[in-house]
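In this chain, numbering begins with 1 at the start of the sequence shown.
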Amino acid sequence: MKSASYKILGVLFIFLLQGVTLWAQEAEMAAEESKPVKNTFGSIFIIDNQTVMVSPKNTLEFDIQHRFGLVENGFEDFWGLYAPSNIRLGFSYVPINNLMVGFGLTKQNLTWDFNAKYALLKQMTTSGSPVSLTYYVNAAMDTRNKDQFPNPPEFKKTERWSFFHQLLVARKFTENLSVQVGGSISHFNAVYPSVDAETGAVEEIENDLFSISASLRYKVSNSTSILINYDQPLNARTSNDPESSDSRDPKPNLSFGVEFTTSAHQFQIFMGNFQSIVPQRNNFYNQNWGFGNDQFSLWDPEWLIGFNMTRLWSY
């Protein structure tokens, strides 16, 4: 009886060992099969916003962001193409996995910005996170001569600085369709009261502004995509009535365009109503609406043409 019991226990042990081995192999295969989803977006930019994308480790990137003038003068300046423009030249590098650091110089107010982006989560192909989650932050410095600021005798160096924080969530639904939403806060160390030229009324301006954004990319071919981006301020910037027709609160942004992508280049050309490039200034100060009498029109004078171009090197 004991011998038979030992045999039965031995057979059960062998089956149990085989079961544990098969389970471990299946778990290992599942882990190998579940990989981060690739190419949720084609660039670190989607028109006026960052994307959840962080380039692979040891990637150096050079960016040119260009915003032409408003189309309001028509043929006189060829619909803004020869009007005064805004340009940013930027560099970024990925020293470790998931972390990008960079800096740039924007023509408007000779603004230097220093930025970082970290991929907190990545969408996985099978098991794992169903979305990608990325945090972006920058600090920007207005380097104009202090005489160009209000009240130069009492000017403080801290008045030059502004900051931007943004949390981005994205999902690649199909091979062609990717969607992203984000929430942000823009902060300016110094804001100056606005004075109505007609009434002389003084409007106090808040230092912080909250905004949300939504972006969409749809691939029409391996190298070409349609882009749509929208930004919506959430709180009033000034103390005036937001329902008033002369409100100076920031206006929403709607932009749309196309993207052409290769392994080392991305080029986006688009139409929108954000002319600043540093994101906190776009969200905080934009007064272009692009919707004449609240009706959508491509030929409203507050639209402009812009482009983003990036070049990547791997080391």
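Inter-residue side-chain proximity for Y118 and V54 is flagged as unmet; no heavy-atom pair is nearer than 4.5 Å. Annotation: side chain of S223 is not in contact with side chain of F260 (no heavy-atom distance under 4.5 Å). Taking 4.5 Å as the limit, some side-chain heavy atom of N253 sits within range of a side-chain heavy atom of N229. A 4.5 Å side-chain heavy-atom check between R281 and Q108 finds at least one atom pair inside the cut-off. Side-chain contact between E61 and S55: present, with at least one pair of heavy atoms (C-beta onward) separated by less than 4.5 Å. Within the 4.5 Å cutoff, the side chain of S85 has heavy atoms near those of the H66 side chain. Using a 4.5 Å heavy-atom threshold, the side chains of I185 and F164 count as separate. Using a 4.5 Å cut-off on side-chain heavy atoms (C-beta onward), P130 and R171 make contact.
For Y285 and Q287, the side-chain atoms include no donor-acceptor pair closer than 3.5 Å. Checked by atom type, the side-chain pair N98/K122 shows a donor-acceptor distance below 3.5 Å. A donor-acceptor contact under 3.5 angstrom links the side chains of N308 and Q268, judged on distance only. Under the 3.5 Å distance criterion, with hydrogens and angles disregarded, a donor-acceptor pair is assigned to the side chains of N58 and Y93. Between Q280 and N138, the side chains place a donor N or O and an acceptor N or O closer than 3.5 Å (distance only, hydrogens not considered). Side-chain contact, N283 with S211: a donor N or O sits under 3.5 Å from an acceptor N or O. No hydrogens or angles considered: a donor-acceptor pair under 3.5 Å links the side chains of H187 and D208. Of the N and O atoms on the side chains of H165 and Y135, at least one donor lies less than 3.5 Å from an acceptor on the other residue. Residues N73 and D77 have side chains that bring a donor and an acceptor to within less than 3.5 angstrom of each other.
Aromatic ring orientation, F78 versus F75: perpendicular (interplanar angle above 60°, classes split at 30° and 60°).
For the atom pair CE of M53 and CG of L168, the computed distance is 12.5 Å after rounding to the nearest 0.5 Å. We find the CG-CD1 distance between L70 and I305 to be 11.0 Å, quoted to the nearest 0.5 Å. In this structure, OG1 in T111 is found 11.0 Å from CH2 in W161, a value given to the nearest 0.5 Å. From L312, atom CG reaches atom OG1 of T59 across 6.5 Å, with rounding to the nearest 0.5 Å. Between the OG1 atom in T158 and the CG atom in N189 there is a gap of 5.5 Å [rounded to 0.5 Å]. Distance check, rounded to the nearest 0.5 Å: CD of Q166 to CG of N49 gives 5.0 Å.
Note on I64 and L110: separate hydrophobic clusters, where clusters join Ile, Leu, Val, Met, Phe, Trp and Tyr whose side-chain heavy atoms are under 4.5 Å apart, directly or indirectly. I277 is not connected to I87 by any chain of hydrophobic side-chain contacts under 4.5 Å among Ile, Leu, Val, Met, Phe, Trp and Tyr, and they are in different clusters.
At most 12 non-hydrogen atoms from other residues, nucleotides or ligands lie less than 6.0 angstrom from CG of N222. No more than 12 heavy atoms of other residues, nucleotides or ligands shown are found within 6.0 angstrom of OH on Y218. Counting heavy-atom neighbours within 6.0 Å of Y82 OH, excluding the residue itself, gives a total of 12 or less.
For F267 and H265, the ring centers are positioned 6.0 Å apart or more. Taking the six-membered ring wherever Trp is involved, the centroid distance between the rings of F188 and F284 falls below 6.0 Å. Ring centroid separation for the pair F155 and F149 comes in under the 6.0 Å cut-off.
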Candidate pair V137 and N115, rule side chain to side chain contact (heavy atoms under 4.5 Å, CB included), full reasoning: CA-CA 6 Å; V137 60; N115 57 77; over 6 Å; no
Verdict with supporting geometry, K117 and Q50, side-chain hydrogen bond (donor to acceptor under 3.5 Å, both in side chains): CA-CA 9 Å; K117 184 160 66 169; Q50 293 282 327; 2.9 Å; yes
Residue pair D113, R88: steps toward the salt bridge (Lys or Arg N to Asp or Glu O under 4.0 Å) verdict: CA-CA 10 Å; D113 68 273; R88 178 182 179 270; 3.0 Å; yes
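Under a 3.5 Å cut-off, the side chain of T134 and the backbone N or O of V52 do form a donor-acceptor pair.
The residues D48 and R67 are annotated as salt-bridged, a charged nitrogen and a carboxylate oxygen being separated by less than 4.0 angstrom.
With S225 as the fixed residue, the side-chain hydrogen bond (donor to acceptor under 3.5 Å, both in side chains) test singles out one of Q266, K219, R217: R217.
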